[in-house]
Amino acid sequence: MKHTDVKELFASSEKYLNTEVTVCGWVRTWRDSKSIAFIELNDGTSFKNLQLIIEKGSLAENEIKPALVVGAALCVKGNFIPSERNGYEMSVKSITVLGECPQDYPLQKKHHTLEFLRTIPHLRPRTKYFEAVFAVRSRLSYAIHKYFQEHGYKYVHTPIITGSDCEGAGEMFRVTTQPWNAAAKNENEYYSADFFAAKAGLTVSGQLEGEVAATGLGRIYTFGPTFRAEHSNTTRHAAEFWQIEPEVCFADLHDIIEIAEEFIKFIISDVVSNCPDELAYFNERAEKGLLDKLNGVLTSEFGKITYTDAVEVLKNSGKEFKYPVYWGCDLQTEHERYLTEEYFKKPLFVTDYPADIKAFYMKQNPDGKTVAATDLLVPGIGEIIGCSEREADSEKLKSAMLKRNMPLESYVEYLDTRKYGTVPHSGFGLGMERILMYITGVQNIRDTLLYPRTVGSL
Ligand code: 4AD
Ligand code: MG
């Protein structure tokens, strides 16, 4: 269908001014007066709508009427002209209705609550709010690839179906083709009859395979879906979320922290430059002061504190926390948010956590108690990055695994990366939806995914 994108019209307005053009799109709103009708048309390419002006005398009544319907899909021919109020608009010559939109279309009003829109995930991309969410999500994805591609990282595709539970947290979704077999004597017998002849699940992280790739390719990143069967019914947890996981050889914790900060600033800066209309909209609709916040992030250094010092800060805060604070406790969201929102008031790396509350693969510090790991916390959300230097020493790694009752025989290949030419290496995982929430001010992870998957909701 020959037509011009609305984005193109606005971007190259000089070229199209006072010429005849054809546009296609959906009616967002319309107004009618005695002699003129107005339609706000959106085609998904431009955050700004194109205003259509219909001189009533110039078109037949039966051509105009079916177009003055919210949600109808139109193909419109007319002149692209200057306008005092809108910059540019279109003076309509003819209209073809591509798709009618009956009265029961749920998006009749201008503003709907986000809760309501969650009940119609198939229609919400037609709203301004979700158009903005998905435009920023798309640009952010591009910026993420751009950073890594420009910094010598290779993009690797790690498997989605896996036999290993990376975090050792036992929160994997099972992948199976067989019904429950009550006759099976034990788990092993049951799984050996399954598709892969082994217990399989959806990956919680591409890290272990990412490490395998990095220890040949030097610097890699993954960017794909990961799955967690956590029963955390919060505004920040999804069962299916996208994770970005770089893995860098010849880098210690200090190096990877520098990379993470540079990377976060790069992608925010890219979105700020390339999605100004969307961010201005979120600044009004989602988070007042969003633009100032983002500019603040770009121009200041992230905070840094050890876990041990953070525990002291929390103990001395005079705050009543729901979960008690003591050395060795896992930091809860309320603790993370106090540190980053009230104490530091900016993004914050908390480093050197107790080994007992972190994963087996993290490098053991000389103190024998902590590991070279860091979480990046941001105001309003809490953790957006989980990061660590990896334990490169084969014996230390094995002992950490045995302490956690992990079956070494299932990790022979992973352990080989330490046996053959082991190197210091580090990496992190960034939650796509969490950083998107931070950049847009969107408050609920369910509003960052096309089809959110959360506990009890598919
Ligand atoms: O801290 P996590 O569990 O770290 C890892 O998976 C490591 N293997 C990463 C690595 O070193 N390569 O998860 C990383 C990030 C979190 O900081 C959070 O942003 C996001 O993934 N995340 C979730 N996002 C949405 N919903 C969930 N259920 C999430 N769980 C983790
Ligand atoms: Mg984590």
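The shown structure was predicted, so the numbers you read here are calculated from the model rather than taken from an experiment. Just so it is clear, the values below take in all heavy atoms, side chains as well, and ignore hydrogens, waters and symmetry mates. For ligands, and for the atoms within them, numbers begin at 1 and follow the listed sequence.
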Going by distance only, is there an N or O of Cys387 that falls short of 3.5 Å from an N or O of ligand 1?
no
Atom pair CG/NZ of Asp270 and Lys146 - distance to nearest 0.5 Å:
5.5 Å
Counting only heavy atoms not in Tyr105 (residues, nucleotides, ligands), do more than 12 fall under 6.0 Å from its OH?
yes
In terms of atom number and element, which parts of ligand 1 are under 4.0 angstrom from non-hydrogen atoms of Glu245?
7 (C), 8 (N), 9 (C), 10 (C), 12 (N)
Backbone or side chain, does Glu383 get an N/O/S atom under 2.8 Å to the Mg ion (ligand 2)?
yes
Numbered in order shown, the ligand 1 atoms found under 4.0 Å of a heavy atom of Tyr361 are 7 (C), 8 (N)
Is ligand 1 under 4.0 Å from a heavy atom in the side chain of Phe241, in the backbone, in both, or in neither?
side chain
Between Arg124 and Phe130, is NZ or CZ placed under 6.0 angstrom from the six-membered ring centre and within 45° of the ring axis?
yes
Numbered atoms and elements of ligand 1 in range of Ser205, under 4.0 angstrom, heavy atoms:
6 (O), 8 (N)
Taking 4.0 Å as the limit for heavy-atom contacts, which would you say applies to Thr226 with ligand 1: side chain only, backbone only, both, or neither?
neither
May I ask whether Arg236 has any heavy atom positioned less than 4.0 angstrom from an atom of ligand 1?
yes
Option set Arg228, Lys358, Glu389, Arg390, criterion heavy-atom distance to atom 2 (P) of ligand 1, minimum
Arg228
Are Glu334 and Lys319 ion-paired here, with the side-chain N under 4.0 Å from a carboxylate O?
no
Does ligand 1 have any atom that is closer than 4.0 Å to a heavy atom of Trp242?
no
For Tyr307 and Trp327, take the angle between the two ring planes, folded into 0 to 90°, and tell me which bin it lands in: parallel under 30, tilted 30 to 60, perpendicular over 60.
perpendicular
Numbered atoms and elements of ligand 1 in range of Ile445, under 4.0 angstrom, heavy atoms:
25 (C)
Please determine if Lys346 forms a cation-pi arrangement with Phe302, meaning its NZ or CZ atom is less than 6.0 Å from the six-membered ring centre and no more than 45° off the ring axis.
no
Under 3.5 Å, N or O to N or O, is Glu247 touching ligand 1 that way?
no
Hey, is Glu230 one of the residues with a heavy atom under 4.0 angstrom from ligand 1?
yes
Under 4.0 Å between heavy atoms, the region of Phe227 that gets near ligand 1 turns out to be neither
Do Lys48 and Phe10 form a cation-pi contact, if we require the NZ or CZ to be under 6.0 Å from the six-membered ring centre and within 45 degrees of the ring's axis?
yes
Could you tell me whether Phe250 atom CZ has more than 12 heavy atoms of other residues or ligands within 6.0 Å of it?
no
Please determine whether any non-hydrogen atom of Ser388 lies less than 4.0 Å from an atom of ligand 1.
no
With a 4.0 Å heavy-atom cut-off (strictly under), which part of Gln243 contacts ligand 1: side chain, backbone, both or neither?
side chain
Atom CZ of Phe195: over 12 foreign heavy atoms under 6.0 Å
no
Does Lys7 have more than 12 heavy atoms from other residues, nucleotides or ligands lying within 6.0 Å of its NZ?
no
